[in-house]
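Read through the structure below, which is laid out as structure tokens, and then see the notes.
Scope of the values below: all heavy atoms of this structure, side chains included, with no hydrogens, waters or symmetry mates. It should be emphasised that the depicted structure is a prediction, and the values quoted were computed from it without experimental measurement.
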Amino acid sequence: MSRDRPSGAGRFAPSPTGPLHLGSLLAATASYLDARAQGLAWRVRLDDLDRARNQPGAEREILTALESHGLGWDGPVVRQSEHQGRYRAALDRLAADGRLFYCRCSRSRLAGHRTYPGTCRAHTRPRRDSAARVRVEQTVVEFQDEIQGVQRHDLARETGDFVVLRRDGIVAYQLATAVDDGDPGIIRVVRGRDLLENTPRQVFLMQCLDLPVPVYAHVPLLVNAAGQKLSKQTHAPPLDLSRPRENLRRVLSVLGLAALAEDPPGSCEPLLAEAARRFSVAAVPRGDTTVTEFDRPGASGHRE
């Protein structure tokens, strides 16, 4: 399902570890509406590097769910597993610049340390049974998030040296995402607020690799009655594909489009077209929403 669009794109990047749930739909819809409101393409990328976590059939389930909700993507679906060459080139660049060292520290050895203590920093040559970490040094990353506001992070104090290549040889999430979102074609990244803590590390890697940094906007989350983010880990149920418009209306209300959420029944595409016309990330509330509060008439569900 593709359409021709101007250059530049937003993206939705689920992992094929199971079907989409309502929280996933919120992130996908926000990214889609932002791209359409900006006159940009909207891409779908499957973050499938960790093959042990991928579930058979999940990729098809995800794409079917997007199609069922009228969320049509532009161009071919891409997969991180197809990008190994670009990740290796990024690792080579970081190594040539003296930014990598090779760490054999186990999780138990690092327990109790708020940030990486520098144990293996002297090991600047690759060695067996080790992860590659990037040196952070005294680095402050600052960026403007279009929903959450100005973000300023002292990486040495808050994160420390972090893994970019796992001990099992799999490229780490932070590096793969930085390389893919640092593609010049991706100019806006709209995703869940739970990923905001990863963004400084990804921006840092983009800067190290001379990649363009996209515009970021981190949308609020859907949480359960215990305040936990809806996710596979908290047993969020899969989307009911027999009720796509109702699902969309629920997430539109979270994105500041409550008036549209009251529209009469119909197909998804006209609803999304009108939502894109009205959508602005600046109008998205910052507070999370408890899913049970959708069912109480007049309840906003937002909390700070």
Side-chain angles (χ1 to χ4, degrees), residues 12-34 44 46-48 50 52-55 57-59 61-66 68-71 145-149 151 173 177 189-199 216-263 268 271-272 275 279 281 283-304:
F12 176 56
S15 297
T17 55
L20 297 185
H21 50 75
L22 198 63
S24 315
L25 182 65
L26 173 62
T29 303
S31 174
Y32 175 91
L33 293 180
D34 180 73
V44 172
L46 294 167
D47 289 0
D48 62 345
D50 194 341
R53 295 181 63 240
N54 296 342
Q55 294 296 313
E59 176 178 322
E61 287 180 315
I62 289 169
L63 299 180
T64 297
L66 294 176
S68 298
H69 289 82
L71 298 170
D145 186 277
E146 293 206 342
I147 297 174
Q148 306 298 332
Q151 304 293 310
Y173 165 78
T177 303
V189 171
V190 179
R191 57 188 180 181
R193 184 183 57 77
D194 55 315
L195 297 174
L196 181 58
E197 66 179 19
N198 293 313
T199 308
Y216 287 100
H218 289 81
V219 299
L221 305 177
L222 296 182
V223 298
N224 61 22
Q228 301 168 314
K229 183 193 81 161
L230 290 194
S231 67
K232 301 176 185 74
Q233 289 71 33
T234 58
H235 309 293
L239 287 169
D240 182 350
L241 301 190
S242 71
R243 305 173 63 192
R245 188 176 173 92
E246 178 61 23
N247 295 335
L248 285 174
R249 290 169 65 190
R250 296 179 82 182
V251 299
L252 288 175
S253 68
V254 179
L255 297 173
L257 296 168
L260 278 178
E262 302 302 322
D263 280 359
C268 293
L271 176 61
L272 287 169
F279 181 77
V281 289
V284 174
R286 292 187 182 183
D288 295 341
T289 297
T290 304
V291 290
T292 55
E293 294 188 5
F294 280 111
D295 301 321
R296 291 196 290 114
S300 69
H302 297 300
R303 65 183 183 89
E304 293 296 331

CG (L230) and CG (D288) are apart, to the nearest 0.5 Å, by 10.0 Å

Working to the nearest 0.5 Å, report the span between CZ of F279 and CG of L260.
12.0 Å

CA sep, side-chain torsions, deciding dist, call: N198, T177, side chain to side chain contact (heavy atoms under 4.5 Å, CB included)
CA-CA 10 Å; N198 293 313; T177 303; over 6 Å; no

Side chain to side chain contact (heavy atoms under 4.5 Å, CB included) between L71 and L25, intermediate numbers included
CA-CA 10 Å; L71 298 170; L25 182 65; 3.8 Å; yes

For D50, enumerate each residue passing the salt bridge (charged side-chain N to carboxylate O under 4.0 Å, His left out) test, keeping only those at least two apart in sequence or located in another chain.
R166

pair R249-L271: side-chain heavy atoms closer than 4.5 Å:
yes

Could you grab the distance from atom CG of N224 to atom OG1 of T290, nearest 0.5 Å is fine?
8.0 Å

Reported CZ-to-CG distance for the pair R245 and L272, which is rounded to 0.5 angstrom:
9.0 Å

Shortest non-hydrogen contact from P16 toward A58
O-CB, 3.4 Å

Can a donor-acceptor pair be found, under 3.5 Å and without considering hydrogens, that links the side chain of D145 to the backbone of H218?
yes

Residues two or more places apart in sequence or in another chain: which of them pass side-chain contact (heavy atoms from CB on, under 4.5 Å) with A27?
F12

Could you tell me which non-hydrogen atom of P285 sits nearest to which non-hydrogen atom of I147, and how far apart they are?
O-CG2, 4.4 Å

Among all residues two or more places apart in sequence or in another chain, which pass the side chain to side chain donor-acceptor pair (under 3.5 Å) test with Q151?
none

My understanding is that only residues two or more places apart in sequence, or in another chain, count here; which of them pass side-chain contact (heavy atoms from CB on, under 4.5 Å) with A225?
none

Just jot down the side-chain contact (heavy atoms from CB on, under 4.5 Å) partners of D194, sequence neighbours excluded, or say none.
L221, K229

Tell me, please, which residues at least two apart from E59 pass side chain to side chain donor-acceptor pair (under 3.5 Å).
R79

Return the OG to CG distance between S68 and L63, rounded to the nearest 0.5 Å.
10.5 Å

Which residue pairs pass the salt bridge (Lys or Arg N to Asp or Glu O under 4.0 Å) test when at least one of the two sits in residues 13-26, sequence neighbours left out?
none

Side-chain touch L195/Y216, heavy atoms, less than 4.5 angstrom:
no

Under 4.5 Å between any side-chain heavy atoms of V254 and V219, yes or no?
no

Give a yes or no on whether the backbone of A28 and the side-chain of S31 come within a donor-acceptor separation of less than 3.5 Å.
no

Those residues at least two apart in sequence (or on a different chain) that pass salt bridge (charged side-chain N to carboxylate O under 4.0 Å, His left out) with E61 are none

Check side chain to side chain donor-acceptor pair (under 3.5 Å) between H69 and all other residues, then give those that pass, not counting sequence neighbours.
N247

Any side-chain heavy atom of P14 sitting closer than 4.5 Å to one from L46?
yes

With sequence neighbours excluded, residues passing salt bridge (charged side-chain N to carboxylate O under 4.0 Å, His left out) with E197
none

Measuring from atom CD1 of I62 to atom OG1 of T17, what distance do you get when rounded to the nearest 0.5 angstrom?
7.0 Å

Can you sort out the partners of D240 under salt bridge (charged side-chain N to carboxylate O under 4.0 Å, His left out), two or more places apart, ordered by chain and number?
none

By side chain to side chain donor-acceptor pair (under 3.5 Å), S24 pairs with (sequence neighbours left out) H21

We want to know whether T199 and R191 form a side-chain donor-acceptor pair, criterion being a heavy-atom distance below 3.5 angstrom.
yes

Student check: side-chain heavy atoms of L33 and L257 closer than 4.5 Å
yes

Of the non-hydrogen atoms in G287 and P220, which two are nearest, and what is the gap between them?
O-CB, 3.0 Å

